[in-house]
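Heavy atoms only: backbone and side chains are in, while hydrogens, waters and symmetry mates are out. Fair warning: this is a prediction, and the values are worked out from it, not measured in the lab.
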Amino acid sequence: RNNKPTEEYPVEQSTLTQRYADETIRFIRESKGRPFFIYLPFAMPHLPISASVNFRGKSAGGLYGDVIEEMDANIGRILAEIKVENIEENTIVIFTSDNGPWRNMPPRMYETDEVEQWHGGSTGSLRGAKATSYEGGFRVPAIIRWAGRIPAGQVITDWVTTLDLHATIREAAGATPAVRPLDGINIHDFLQGKSGFPDRYFYYFNYENLDGIRDNTWKLLVTWEASDWTSRDLRTGREPVVVQLYNLRNDPFEHFNLAEQNPEIVNQLKAEMKRFAGEVGAKLNF
């Protein structure tokens, strides 16, 4: 608690999911109607994964499946507590991830019992992985619930970023204006279906390198190619830089490089990359 371990150290991984949920529920109850903010980063399914005795061996998906089912059950407990406290219509619940799967795990990760390569996760049909600038490294699902404010059951395929969550929560909570400009935007009206999605850019960074940029349709990468099973580490070497342009509306899987057919779009996006790199002091690969 704060900077002191509350129980055993090293921690017993198999009980973490339930204990995190227990602590969250305790915090909600003790808030007694006062505004609160909870950031709950479950240790699972980051490696090494582990499930409690109540869930181990219960799923059809092996240990990874057991871990996901235990997370699901404990998230359900938290949502049930929000309902019991009668604060569903005054509580925004956001469930999302930080990045795609860890494909090129170092040898140290296999020193723990039961760690398998597939425990790192999967991108489905998306290209790339964690530490690459392909969609498999950046694009993750998100579920946002605000009873009575965000329509239930809607599926949005337009892109938002975790940077937008800060601006959106600030606005919803009635916070004072930000002292500095925010990288994200308030997407409250967008989630409610009251507005369309604005035209804007998103920038793909790998360490201090600005690898690429996208708008609502096009994505330009000017960086080293990485295979689906290699998280490229820019510190370990250099390969030829490749200019890649993808139409993410037609080709979210980044199969078809259209850079040669669309030089004007490449130049336009490169110019914006140069402008932004100059603004924030980023490095470019061209």
Using the rule given for side chain to side chain contact (heavy atoms under 4.5 Å, CB included), can you reason through Trp102 versus His46, listing the C-alpha separation, both sets of side-chain angles and the distance that settles it, and then say yes or no? CA-CA 9 Å; Trp102 195 7; His46 200 288; 3.8 Å; yes
Would Trp224 and Asp211 count as having a side-chain donor-acceptor pair, cut-off 3.5 Å?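 Not at all, the side chains of Trp224 and Asp211 share no donor-acceptor pair under 3.5 Å.
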Among side-chain atoms of Arg275 and Tyr201, is any donor-acceptor pair under 3.5 angstrom?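 Per modelled atom types, Arg275 and Tyr201 side chains form no pair under 3.5 Å.
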Should the pair [X]-[Y] be classified as a salt bridge under the 4.0 Å nitrogen-to-oxygen rule?
| X | Y | value |
| --- | --- | --- |
| Glu88 | Lys83 | no |
| Arg77 | Asp22 | yes |
| Glu254 | Arg214 | no |

Grab the two heavy atoms, one from [X] and one from [Y], that are nearest each other, plus how far apart they are.
| X | Y | result |
| --- | --- | --- |
| Ala167 | Asn186 | CB-N, 3.8 Å |
| Ser50 | Gln13 | CB-CB, 3.8 Å |
| Asp251 | Phe256 | OD2-N, 2.8 Å |
| Leu221 | Gly212 | CD2-CA, 3.9 Å |
| Ile28 | Glu81 | CG2-CG, 4.1 Å |
| Ala131 | Asn206 | O-ND2, 3.0 Å |

Has the side chain of [X] got a donor or acceptor atom that lies under 3.5 Å from a matching backbone atom of [Y]?
| X | Y | result |
| --- | --- | --- |
| Asn257 | Leu245 | yes |
| Trp146 | Val93 | no |
| Thr96 | Pro141 | yes |
| Gln154 | Leu191 | yes |
| Asp66 | Ser59 | yes |

Does atom [atom1] of [X] have more than 12 heavy-atom neighbours, drawn from other residues, nucleotides or ligands, at distances under 6.0 Å?
| X | atom1 | answer |
| --- | --- | --- |
| Phe197 | CZ | yes |
| Glu30 | CD | yes |
| Glu85 | CD | yes |
| Asn267 | CG | yes |
| Glu260 | CD | no |

Are any of the side-chain heavy atoms of [X] and [Y] separated by less than 4.5 Å?
| X | Y | result |
| --- | --- | --- |
| Pro252 | Glu135 | no |
| Asn216 | Trp159 | yes |
| Leu182 | Arg170 | yes |
| Ile78 | Ile25 | yes |

Approximate separation, where rounding is to 0.5 Å, of [X] [atom1] and [Y] [atom2]:
| X | Y | atom1 | atom2 | result |
| --- | --- | --- | --- | --- |
| Asn247 | Leu258 | CG | CG | 7.0 Å |
| Asp72 | Ile68 | CG | CD1 | 9.0 Å |
| Ile150 | Ile156 | CD1 | CD1 | 8.0 Å |
| Asn209 | Leu284 | CG | CG | 8.0 Å |
| Lys283 | Tyr207 | NZ | OH | 12.5 Å |
| Ile185 | Thr168 | CD1 | OG1 | 7.5 Å |

Candidates Glu70, Glu12, Glu8 - the one meeting salt bridge (charged side-chain N to carboxylate O under 4.0 Å, His left out) with Arg19: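 Among Glu70, Glu12, Glu8, the one that satisfies the salt bridge (charged side-chain N to carboxylate O under 4.0 Å, His left out) with Arg19 is Glu8.
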Are [X] and [Y] connected in the hydrophobic side-chain network, where two residues link if heavy atoms are under 4.5 Å apart?
| X | Y | result |
| --- | --- | --- |
| Phe286 | Ile265 | yes |
| Tyr110 | Leu47 | yes |
| Ile87 | Val84 | no |
| Phe55 | Met44 | no |
| Val222 | Val280 | yes |

In terms of relative ring orientation, are Phe276 and Tyr203 parallel, tilted or perpendicular, with 30° and 60° separating the classes?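 Correct class here is parallel.
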Once the angle between the rings of Phe36 and Phe27 is folded into 0 to 90°, is it parallel (under 30°), tilted (30 to 60°) or perpendicular (over 60°)?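 Rings of Phe36 and Phe27: perpendicular, over 60°.
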Should Leu269 and Asp215 be marked as a side chain to side chain contact (heavy atoms under 4.5 Å, CB included) after you check the CA-CA gap, both sets of side-chain angles, and the distance that decides it? CA-CA 9 Å; Leu269 294 176; Asp215 58 22; 4.3 Å; yes
For the ring pair Phe202 and Tyr204, is the centre-to-centre distance below 6.0 Å?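 Under 6.0 Å, so yes.
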After noting the C-alpha distance and the side-chain angles of His188 and Lys194, does the key distance pass the side chain to side chain contact (heavy atoms under 4.5 Å, CB included) rule? CA-CA 9 Å; His188 183 201; Lys194 294 180 179 179; over 6 Å; no
Is there a side chain to side chain contact (heavy atoms under 4.5 Å, CB included) between Arg145 and Ile82? Walk through the geometry before answering. CA-CA 12 Å; Arg145 190 188 82 163; Ile82 291 173; 4.2 Å; yes
